[in-house]
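Each remark here refers to the structure printed beneath this line.
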Amino acid sequence: MVSLAAKEQDILHCILANGEIAEEAAWVHRRQQALDNFLANVERSAFRMAEISTRNREDALDIVQDAMIKFVSKYKNKPESEWRPLFYATLRSRITDFHRKKTVWARIFSWHSEVDSHFESTPEIASSDPLAQLAKESTSAKLQTALKNLPLRQQEAFLLRIWQGFSVAETSKIMKCAEGSVKTHLFRANEALKLAIDEDIKSEEGKRDGK
Amino acid sequence: MENNQVDDNNQGSDEAFYRQSRQLLNDDIKSIDSATLSRLHRARNHALKTKQTYKPKLQWLASGALVVSIYFIGSIFYQPNVELPTIYEDPNQQAAAENIELLNDLEFVAWLILEEEGEAIESNNKATRT
(Lines give C-alpha, C1' and ligand atoms only; values in the text may rest on other atoms or scores of the structure.)
Protein backbone atom coordinates (compact mmCIF):
# COMPACT_ATOMS: atom_id res chain seq x y z
CA MET A 1 0.00 0.00 0.00
CA VAL A 2 2.82 2.31 0.94
CA SER A 3 4.75 1.51 -2.21
CA LEU A 4 1.62 2.06 -4.34
CA ALA A 5 1.03 5.44 -2.69
CA ALA A 6 4.67 6.31 -3.30
CA LYS A 7 4.30 5.32 -6.97
CA GLU A 8 1.16 7.39 -7.26
CA GLN A 9 3.01 10.31 -5.77
CA ASP A 10 5.83 9.84 -8.26
CA ILE A 11 3.37 9.82 -11.13
CA LEU A 12 1.69 12.93 -9.74
CA HIS A 13 5.05 14.68 -9.49
CA CYS A 14 5.85 13.72 -13.05
CA ILE A 15 2.53 15.07 -14.26
CA LEU A 16 3.03 18.30 -12.36
CA ALA A 17 6.60 18.62 -13.61
CA ASN A 18 5.46 18.03 -17.18
CA GLY A 19 2.74 20.58 -16.61
CA GLU A 20 5.27 23.11 -15.41
CA ILE A 21 7.49 22.37 -18.36
CA ALA A 22 4.56 22.72 -20.71
CA GLU A 23 3.60 26.00 -19.05
CA GLU A 24 7.13 27.31 -19.36
CA ALA A 25 7.30 26.26 -22.99
CA ALA A 26 4.04 28.11 -23.61
CA TRP A 27 5.42 31.20 -21.89
CA VAL A 28 8.59 31.08 -24.00
CA HIS A 29 6.50 30.74 -27.14
CA ARG A 30 4.31 33.70 -26.16
CA ARG A 31 7.42 35.75 -25.37
CA GLN A 32 8.93 34.88 -28.72
CA GLN A 33 5.73 35.91 -30.45
CA ALA A 34 5.63 39.20 -28.54
CA LEU A 35 9.26 39.90 -29.50
CA ASP A 36 8.49 39.14 -33.13
CA ASN A 37 5.50 41.51 -33.11
CA PHE A 38 7.50 44.22 -31.39
CA LEU A 39 10.42 44.03 -33.82
CA ALA A 40 8.03 43.98 -36.77
CA ASN A 41 6.50 47.22 -35.47
CA VAL A 42 9.78 49.05 -35.02
CA GLU A 43 11.90 47.74 -37.88
CA ARG A 44 10.77 50.30 -40.48
CA SER A 45 11.27 53.35 -38.29
CA ALA A 46 14.55 51.92 -37.02
CA PHE A 47 15.74 51.49 -40.60
CA ARG A 48 14.73 55.02 -41.53
CA MET A 49 16.47 56.47 -38.48
CA ALA A 50 19.65 54.57 -39.28
CA GLU A 51 19.45 55.50 -42.95
CA ILE A 52 18.99 59.21 -42.17
CA SER A 53 22.04 59.06 -39.93
CA THR A 54 24.35 56.97 -42.10
CA ARG A 55 23.03 58.13 -45.52
CA ASN A 56 23.60 54.58 -46.75
CA ARG A 57 21.04 51.81 -47.13
CA GLU A 58 23.43 48.88 -46.57
CA ASP A 59 24.99 50.40 -43.47
CA ALA A 60 21.53 51.14 -42.12
CA LEU A 61 20.41 47.53 -42.62
CA ASP A 62 23.54 46.22 -40.87
CA ILE A 63 22.98 48.57 -37.97
CA VAL A 64 19.34 47.56 -37.58
CA GLN A 65 20.26 43.86 -37.62
CA ASP A 66 23.00 44.38 -35.03
CA ALA A 67 20.61 46.37 -32.86
CA MET A 68 17.95 43.66 -33.05
CA ILE A 69 20.42 40.91 -32.16
CA LYS A 70 21.83 42.86 -29.24
CA PHE A 71 18.37 43.83 -28.04
CA VAL A 72 17.11 40.23 -28.07
CA SER A 73 20.28 38.96 -26.38
CA LYS A 74 20.26 41.50 -23.59
CA TYR A 75 16.69 42.56 -23.01
CA LYS A 76 14.30 39.81 -24.08
CA ASN A 77 13.51 39.02 -20.44
CA LYS A 78 12.73 42.62 -19.53
CA PRO A 79 9.08 43.73 -19.15
CA GLU A 80 7.44 44.55 -22.47
CA SER A 81 6.73 48.12 -21.34
CA GLU A 82 10.49 48.76 -21.32
CA TRP A 83 11.23 47.31 -24.74
CA ARG A 84 10.70 50.43 -26.84
CA PRO A 85 13.13 52.79 -25.08
CA LEU A 86 15.63 49.94 -24.67
CA PHE A 87 15.48 49.10 -28.35
CA TYR A 88 15.99 52.68 -29.46
CA ALA A 89 18.83 53.08 -26.97
CA THR A 90 20.48 50.01 -28.49
CA LEU A 91 19.89 51.37 -31.99
CA ARG A 92 21.35 54.74 -31.05
CA SER A 93 24.39 53.03 -29.57
CA ARG A 94 24.97 51.09 -32.81
CA ILE A 95 24.65 54.26 -34.89
CA THR A 96 27.11 56.09 -32.64
CA ASP A 97 29.60 53.20 -32.91
CA PHE A 98 29.25 53.32 -36.68
CA HIS A 99 30.11 57.01 -36.81
CA ARG A 100 32.95 56.59 -34.35
CA LYS A 101 34.58 53.85 -36.45
CA LYS A 102 34.01 55.83 -39.60
CA THR A 103 35.69 58.89 -38.10
CA VAL A 104 38.69 56.84 -36.94
CA TRP A 105 39.12 55.21 -40.34
CA ALA A 106 38.69 58.54 -42.07
CA ARG A 107 41.47 60.04 -39.94
CA ILE A 108 43.75 57.11 -40.68
CA PHE A 109 43.09 57.20 -44.38
CA SER A 110 42.51 60.92 -44.74
CA TRP A 111 44.62 60.97 -47.88
CA HIS A 112 42.13 58.60 -49.49
CA SER A 113 38.81 60.06 -48.49
CA GLU A 114 37.40 63.22 -47.01
CA VAL A 115 37.12 63.36 -43.27
CA ASP A 116 33.49 63.04 -42.28
CA SER A 117 32.74 65.66 -39.70
CA HIS A 118 29.18 64.45 -39.25
CA PHE A 119 29.97 62.90 -35.88
CA GLU A 120 31.54 66.07 -34.52
CA SER A 121 29.71 69.31 -33.96
CA THR A 122 29.04 70.94 -37.27
CA PRO A 123 27.31 74.05 -38.50
CA GLU A 124 23.53 73.87 -38.50
CA ILE A 125 23.28 72.89 -42.17
CA ALA A 126 26.37 71.34 -43.75
CA SER A 127 25.27 71.47 -47.39
CA SER A 128 26.71 74.36 -49.37
CA ASP A 129 23.44 75.38 -51.00
CA PRO A 130 20.63 73.45 -49.33
CA LEU A 131 17.87 75.75 -50.53
CA ALA A 132 18.65 75.16 -54.21
CA GLN A 133 18.87 71.43 -53.58
CA LEU A 134 15.65 71.29 -51.61
CA ALA A 135 13.65 73.31 -54.13
CA LYS A 136 13.60 70.31 -56.47
CA GLU A 137 12.35 67.77 -53.96
CA SER A 138 8.99 66.98 -52.41
CA THR A 139 8.33 68.09 -48.87
CA SER A 140 8.93 64.64 -47.44
CA ALA A 141 12.20 64.31 -49.28
CA LYS A 142 13.09 67.81 -48.21
CA LEU A 143 12.47 66.93 -44.59
CA GLN A 144 14.69 63.87 -44.89
CA THR A 145 17.43 65.81 -46.64
CA ALA A 146 17.25 68.47 -43.95
CA LEU A 147 17.40 65.80 -41.24
CA LYS A 148 20.43 64.19 -42.88
CA ASN A 149 22.17 67.56 -42.83
CA LEU A 150 21.69 67.98 -39.09
CA PRO A 151 24.44 67.13 -36.62
CA LEU A 152 23.99 63.69 -35.09
CA ARG A 153 22.75 64.79 -31.68
CA GLN A 154 20.13 67.12 -33.15
CA GLN A 155 18.94 64.33 -35.45
CA GLU A 156 18.61 61.97 -32.49
CA ALA A 157 16.75 64.50 -30.36
CA PHE A 158 14.26 65.33 -33.12
CA LEU A 159 13.61 61.78 -34.27
CA LEU A 160 13.25 60.36 -30.75
CA ARG A 161 11.30 63.22 -29.18
CA ILE A 162 9.13 64.41 -32.05
CA TRP A 163 8.77 61.40 -34.36
CA GLN A 164 8.86 58.52 -31.87
CA GLY A 165 7.09 60.53 -29.18
CA PHE A 166 9.39 59.79 -26.25
CA SER A 167 9.21 62.18 -23.33
CA VAL A 168 12.12 64.48 -22.57
CA ALA A 169 13.14 62.19 -19.68
CA GLU A 170 13.02 59.06 -21.86
CA THR A 171 14.89 60.80 -24.67
CA SER A 172 17.61 61.92 -22.25
CA LYS A 173 18.05 58.31 -21.03
CA ILE A 174 18.25 57.00 -24.59
CA MET A 175 20.70 59.72 -25.63
CA LYS A 176 22.61 59.44 -22.35
CA CYS A 177 22.58 63.17 -21.75
CA ALA A 178 20.85 65.68 -19.49
CA GLU A 179 17.26 66.74 -20.13
CA GLY A 180 18.47 70.29 -20.71
CA SER A 181 20.75 69.04 -23.48
CA VAL A 182 17.84 67.28 -25.13
CA LYS A 183 15.87 70.52 -25.17
CA THR A 184 18.83 72.44 -26.57
CA HIS A 185 19.44 69.91 -29.34
CA LEU A 186 15.74 69.86 -30.13
CA PHE A 187 15.52 73.64 -30.27
CA ARG A 188 18.44 73.87 -32.70
CA ALA A 189 17.08 71.03 -34.84
CA ASN A 190 13.71 72.74 -34.92
CA GLU A 191 15.22 76.01 -36.10
CA ALA A 192 17.25 74.34 -38.85
CA LEU A 193 14.40 72.18 -40.12
CA LYS A 194 11.84 74.98 -40.11
CA LEU A 195 14.25 77.07 -42.11
CA ALA A 196 14.44 74.25 -44.67
CA ILE A 197 10.84 73.19 -45.03
CA ASP A 198 8.45 75.38 -43.07
CA GLU A 199 7.11 77.19 -46.11
CA ASP A 200 6.30 73.92 -47.83
CA ILE A 201 4.50 72.64 -44.77
CA LYS A 202 2.49 75.83 -44.43
CA SER A 203 1.44 75.74 -48.06
CA GLU A 204 0.41 72.09 -47.73
CA GLU A 205 -1.63 72.91 -44.65
CA GLY A 206 -3.25 75.75 -46.52
CA LYS A 207 -4.21 73.43 -49.39
CA ARG A 208 -5.60 70.89 -46.96
CA ASP A 209 -7.71 73.54 -45.17
CA GLY A 210 -8.94 74.85 -48.51
CA LYS A 211 -10.32 71.44 -49.40
CA MET B 1 0.30 90.41 -23.07
CA GLU B 2 1.72 90.80 -26.55
CA ASN B 3 4.79 88.74 -25.60
CA ASN B 4 2.54 85.99 -24.29
CA GLN B 5 0.57 86.04 -27.51
CA VAL B 6 3.78 85.83 -29.54
CA ASP B 7 4.96 82.91 -27.40
CA ASP B 8 1.62 81.16 -27.83
CA ASN B 9 1.77 81.71 -31.57
CA ASN B 10 5.28 80.33 -31.70
CA GLN B 11 4.32 77.32 -29.64
CA GLY B 12 1.30 76.71 -31.83
CA SER B 13 3.48 77.02 -34.89
CA ASP B 14 5.99 74.56 -33.45
CA GLU B 15 3.25 72.07 -32.62
CA ALA B 16 1.88 72.28 -36.15
CA PHE B 17 5.36 71.81 -37.55
CA TYR B 18 5.98 68.78 -35.33
CA ARG B 19 2.63 67.30 -36.27
CA GLN B 20 3.33 67.67 -39.97
CA SER B 21 6.87 66.32 -39.66
CA ARG B 22 5.62 63.29 -37.78
CA GLN B 23 3.00 62.67 -40.44
CA LEU B 24 5.53 62.99 -43.26
CA LEU B 25 7.91 60.54 -41.63
CA ASN B 26 5.15 58.05 -40.83
CA ASP B 27 3.87 58.21 -44.41
CA ASP B 28 7.39 57.79 -45.71
CA ILE B 29 8.08 54.48 -43.94
CA LYS B 30 4.93 52.99 -45.44
CA SER B 31 6.54 53.28 -48.85
CA ILE B 32 9.80 51.44 -48.07
CA ASP B 33 10.66 49.15 -50.98
CA SER B 34 10.02 45.41 -50.79
CA ALA B 35 13.70 44.45 -51.06
CA THR B 36 14.49 46.46 -47.95
CA LEU B 37 11.47 45.02 -46.14
CA SER B 38 12.64 41.53 -47.01
CA ARG B 39 16.08 42.26 -45.58
CA LEU B 40 14.51 43.63 -42.43
CA HIS B 41 12.34 40.54 -42.12
CA ARG B 42 15.42 38.30 -42.37
CA ALA B 43 17.27 40.41 -39.81
CA ARG B 44 14.35 40.05 -37.43
CA ASN B 45 14.23 36.25 -37.84
CA HIS B 46 17.97 36.03 -37.35
CA ALA B 47 17.78 38.08 -34.16
CA LEU B 48 14.96 35.95 -32.76
CA LYS B 49 17.04 32.81 -33.23
CA THR B 50 19.66 34.27 -30.87
CA LYS B 51 19.72 31.91 -27.92
CA GLN B 52 22.71 33.02 -25.95
CA THR B 53 21.87 35.53 -23.29
CA TYR B 54 24.39 38.33 -23.07
CA LYS B 55 26.28 37.98 -19.81
CA PRO B 56 29.24 40.35 -19.88
CA LYS B 57 30.13 39.89 -16.22
CA LEU B 58 30.58 36.14 -16.59
CA GLN B 59 32.64 36.59 -19.72
CA TRP B 60 34.93 39.07 -17.99
CA LEU B 61 35.20 36.75 -15.00
CA ALA B 62 36.16 33.82 -17.20
CA SER B 63 38.74 35.92 -19.06
CA GLY B 64 40.23 37.16 -15.79
CA ALA B 65 40.43 33.64 -14.37
CA LEU B 66 42.19 32.47 -17.51
CA VAL B 67 44.77 35.27 -17.31
CA VAL B 68 45.46 34.57 -13.62
CA SER B 69 45.82 30.82 -14.30
CA ILE B 70 48.29 31.43 -17.10
CA TYR B 71 50.29 33.73 -14.82
CA PHE B 72 50.51 31.17 -12.02
CA ILE B 73 51.40 28.30 -14.33
CA GLY B 74 54.02 30.44 -15.97
CA SER B 75 55.52 31.47 -12.64
CA ILE B 76 55.86 27.78 -11.61
CA PHE B 77 57.75 26.72 -14.72
CA TYR B 78 59.71 29.87 -15.33
CA GLN B 79 62.81 30.09 -13.19
CA PRO B 80 64.69 33.33 -13.66
CA ASN B 81 68.44 32.96 -13.87
CA VAL B 82 70.17 33.80 -10.60
CA GLU B 83 73.09 36.04 -11.15
CA LEU B 84 76.35 34.24 -10.16
CA PRO B 85 78.99 36.25 -8.40
CA THR B 86 81.49 37.69 -10.83
CA ILE B 87 84.77 35.86 -11.20
CA TYR B 88 87.75 38.14 -11.68
CA GLU B 89 90.00 37.36 -14.56
CA ASP B 90 92.95 38.90 -12.83
CA PRO B 91 94.14 36.48 -10.04
CA ASN B 92 95.34 39.38 -7.92
CA GLN B 93 91.87 40.87 -8.00
CA GLN B 94 90.41 37.45 -7.23
CA ALA B 95 92.77 37.05 -4.29
CA ALA B 96 91.94 40.50 -3.05
CA ALA B 97 88.24 39.65 -3.28
CA GLU B 98 88.81 36.43 -1.36
CA ASN B 99 90.79 38.33 1.26
CA ILE B 100 87.94 40.75 1.63
CA GLU B 101 85.58 37.85 2.17
CA LEU B 102 87.90 36.40 4.79
CA LEU B 103 88.10 39.74 6.57
CA ASN B 104 84.36 39.62 6.86
CA ASP B 105 84.71 36.51 8.98
CA LEU B 106 87.31 37.58 11.52
CA GLU B 107 86.60 34.86 14.04
CA PHE B 108 87.36 32.24 11.47
CA VAL B 109 90.55 34.04 10.52
CA ALA B 110 91.67 34.22 14.16
CA TRP B 111 91.06 30.50 14.61
CA LEU B 112 93.09 29.79 11.47
CA ILE B 113 96.01 31.81 12.78
CA LEU B 114 95.94 30.04 16.11
CA GLU B 115 95.80 26.69 14.39
CA GLU B 116 98.79 27.55 12.22
CA GLU B 117 100.77 28.79 15.26
CA GLY B 118 99.90 25.64 17.17
CA GLU B 119 101.10 23.48 14.32
CA ALA B 120 104.34 25.47 14.04
CA ILE B 121 105.06 25.07 17.79
CA GLU B 122 104.46 21.34 17.66
CA SER B 123 106.74 20.89 14.71
CA ASN B 124 109.48 22.89 16.49
CA ASN B 125 109.12 20.74 19.59
CA LYS B 126 109.43 17.59 17.56
CA ALA B 127 112.55 18.87 15.85
CA THR B 128 114.12 19.72 19.31
CA ARG B 129 113.47 16.21 20.73
CA THR B 130 115.13 14.47 17.80
Side-chain angles (χ1 to χ4, degrees), chain A residues 31-33 35-40 42-49 51-52 57-58 60-77 138-144 146-147 158-159 161-165 186-187 189-191 193-194 197-198 200-202 204-205 208, chain B residues 1-70:
Chain A
R31 197 73 174 179
Q32 202 74 350
Q33 199 63 45
L35 269 171
D36 188 32
N37 291 340
F38 169 75
L39 291 176
V42 297
E43 63 186 11
R44 293 183 190 222
S45 52
F47 168 73
R48 188 55 82 214
M49 278 183 71
E51 203 238 354
I52 286 170
R57 178 180 169 273
E58 289 302 316
L61 285 166
D62 288 341
I63 285 171
V64 170
Q65 177 162 317
D66 284 348
M68 285 182 175
I69 290 170
K70 189 118 192 233
F71 169 77
V72 171
S73 297
K74 279 183 83 171
Y75 302 122
K76 65 181 175 187
N77 294 323
S138 67
T139 309
S140 177
K142 282 181 186 176
L143 174 62
Q144 294 210 22
L147 280 166
F158 187 87
L159 292 172
R161 175 85 181 95
I162 303 306
W163 185 24
Q164 295 303 318
L186 186 58
F187 174 79
N190 189 29
E191 294 296 301
L193 292 172
K194 283 175 89 173
I197 64 167
D198 204 21
D200 276 21
I201 286 179
K202 280 179 186 168
E204 280 194 19
E205 273 194 320
R208 222 169 271 144
Chain B
M1 281 291 283
E2 286 182 2
N3 284 340
N4 286 339
Q5 278 180 351
V6 169
D7 287 344
D8 286 344
N9 285 340
N10 283 341
Q11 198 174 358
S13 166
D14 284 349
E15 286 301 323
F17 173 72
Y18 292 154
R19 193 171 50 247
Q20 283 294 318
S21 300
R22 208 178 299 130
Q23 191 62 45
L24 286 168
L25 288 165
N26 285 336
D27 290 343
D28 169 67
I29 60 172
K30 290 174 188 171
S31 59
I32 291 177
D33 61 282
S34 54
T36 303
L37 289 176
S38 173
R39 289 278 299 271
L40 289 171
H41 182 75
R42 267 187 276 146
R44 183 168 21 113
N45 286 337
H46 183 69
L48 288 169
K49 285 175 188 169
T50 304
K51 287 183 181 175
Q52 186 180 358
T53 305
Y54 183 69
K55 289 184 180 176
K57 290 181 184 175
L58 283 178
Q59 285 176 1
W60 280 112
L61 200 62
S63 303
L66 185 65
V67 168
V68 170
S69 304
I70 290 170

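Numbers restart at 1 for each chain; the letters A, B, ... are given by sequence-line order, proteins then strands. Only heavy atoms go into these numbers, but all of them, side chains included; no hydrogens, no water, no symmetry mates.
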### Query
side-chain contact (heavy atoms from CB on, under 4.5 Å) between A/F47 and B/L37: does it pass, once the steps are laid out?
CA-CA 10 Å; A/F47 168 73; B/L37 289 176; over 6 Å; no
### Query
When you look at B/R39 and A/V64, which way does the side-chain contact (heavy atoms from CB on, under 4.5 Å) test go after all the steps?
CA-CA 10 Å; B/R39 289 278 299 271; A/V64 170; over 6 Å; no
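We find the OG-CD distance between A/S140 and B/Q23 to be 10.5 Å, quoted to the nearest 0.5 Å.
Contact of B/N26 with chain A is made through backbone and side chain together, with heavy-atom distances under 4.5 Å. At a 4.5 Å heavy-atom cutoff, the contact between A/I162 and chain B is made by backbone and side-chain atoms alike. With a threshold of 4.5 angstrom between heavy atoms, A/Q164 does not approach chain B through any atom at all. Residue A/A60: no heavy atom, backbone or side chain, is found under 4.5 Å from chain B.
Considering every non-hydrogen atom in both A/R57 and B/T36, the closest pair reads NE-OG1, 2.9 Å. Between A/Q32 and B/L48, the shortest heavy-atom contact is NE2-O, 2.8 Å. The nearest pair of heavy atoms linking A/I69 to B/A47 is N-CB, 3.7 Å. Between B/S21 and A/L143, the shortest heavy-atom contact is O-CD2, 3.8 Å.
Looking only at side-chain heavy atoms (C-beta outward), B/D14 and A/K194 come within less than 4.5 Å of each other.
A donor-acceptor distance shorter than 3.5 angstrom exists from the side chain of A/R44 to the backbone of B/I29, with no hydrogens or angles considered.
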